[in-house]
Amino acid sequence: MIAPIVRSKAALREMVGGWQKAGEVVGVVPTMGALHDGHLSLVAAAKAACDRVIVTIFVNPKQFNNPSDLENYPRTEEDDARKLERFAVDAVYVPGPEEIYPEGFASTVSVAGLTDVLCGAHRAGHFDGVATVVTKLFTQTRAEKAFFGEKDFQQLQVVRRLSADLDLDVEVVGCPTIREEDGLAMSSRNLLLSDRSRVKAAALHEAMTGMAEGLRTGRPAPELAERARGRILAAGFTEVEYLDLRANGDLRLLERPEGACRLLAAAWLAGVRLIDNIAV
Ligand code: PAF
């Protein structure tokens with residue numbers, strides 16, 4: 001079934017108003033398009049938990065700190081609509097920039113603390129852009145539940161924080177990372193990798209898995225990270241931005257596993273920035 005594509009917030013409001021009047025639970029899956037099986041797993045989770053599901057597709061300029069990254073970001077709307085057919089979602093919201101950032105738009109949602117580290121320390125303004133657009137998408141869709149991938153683990157924590165802090169009354173549901181057969185986390189950015197780079201890309205997850213095993217034997221994270229960095233660079237990556245062991249909730253840096261924690265990494269391969277994280 002082809003889902004109706006909705007391009008204006010007025011039309012969306014009317015649609016959602018009808019559903020809410022009927023007492024239906026509305027879920028949203030926010031995306032920037034270039035949908036892959038990771039996104040589709042979020043859609044499946046939303047379909048299982050909600051009466052109505054909206055998928056949003058908006059390449060949010062405010063979260064790109066690099067103009068060429070924004071320009072190169074894959075845009076595949078027709079393909080995306082086709083991929084969503086089998087899920088029979090209730091609406092695909094594809095707003096133009098004026099629906100999200102109308103003339104004179106001057107507000108920013110900023111989440112302190114959680115955004116100072118990891119991707120936040122390397123991508124100035126990125127999480128302000130994410131927090132601002134997610135707040136807009138939550139208020140425009142009036143969803144009760146929102147589905148995000150654990151692949152963007154820091155983003156998931158930031159969205160949980162803002163939803164609670166701003167009383168948005170949206171239940172933020174985190175869904176497991178979906179991986180390719182060789183372990184590479186699915187990401188729209190993988191489309192930007194050449195065939196040769198794609199083969200090398202698996203080294204990131206491999207090195208992280210090795211590091212997680214080392215942690216289980218009691219060796220400290222900094223020592224293991226040094227080795228894992230070497231493996232990632234030897235595989236052809238040009239830079240490892242971070243490879244940290246951190247606590248799940250507040251993302252504080254850890255030397256050894258304690259409580260719920262994960263390894264999180266960002267690294268550059270052939271001009272493409274890849275991120276990943278695994279539970280330890
Ligand atoms: O994860 C993404 O695709 C984006 O950061 C999001 C949450 C859709 C906001 O633009």
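Whatever order the structure lists ligands and atoms in, that order sets their numbers, starting from 1. The figures that follow rest on heavy atoms only: side chains count, while hydrogens, waters and symmetry mates do not.
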Next item on the list: Determine whether the side chains of Thr132 and Thr135 contain a donor N or O and an acceptor N or O closer than 3.5 Å.
Entry: no
Next item on the list: Looking only at distances, please establish whether an N/O atom of ligand 1 is found under 3.5 Å from an N/O atom of Asn60.
Entry: no
Margin query: Only heavy atoms of Val133, strictly under 4.0 Å: list the atoms of ligand 1 that pass.
Written below: 9 (C), 10 (O)
Item checked: Under 4.0 Å to a heavy atom of Gln155 - the qualifying atoms of ligand 1, by number -> 1 (O), 2 (C), 4 (C), 5 (O), 7 (C)
Checklist line | Distance filter under 4.0 Å to Phe148 heavy atoms, resulting ligand 1 atoms | finding: 7 (C)
Check: So, is the end of the Arg262 side chain (NZ or CZ) under 6.0 Å from the ring centre of Phe153 and within 45° of the ring's axis?
Finding: yes
Note to self: Tell me whether Gln63 has any N or O atom under 3.5 angstrom from an N or O of ligand 1.
What the structure shows: yes
Next item on the list: Report the part of Thr31 (side chain from C-beta onward, or backbone N, CA, C, O) that has a heavy atom under 4.0 Å from ligand 1; answer both or neither where that applies.
Entry: backbone
Note to self: Regarding Asn60 and Tyr73, do their side chains bring together a donor and an acceptor under 3.5 Å, going by distance alone?
What the structure shows: no
Notebook entry, point to check: Side chains of Asp128 and Ser110: donor-acceptor distance under 3.5 Å anywhere?
Noted result: yes
Item checked: Side-chain donor-acceptor pair present, Thr76, Asp80, cut-off under 3.5 Å -> yes
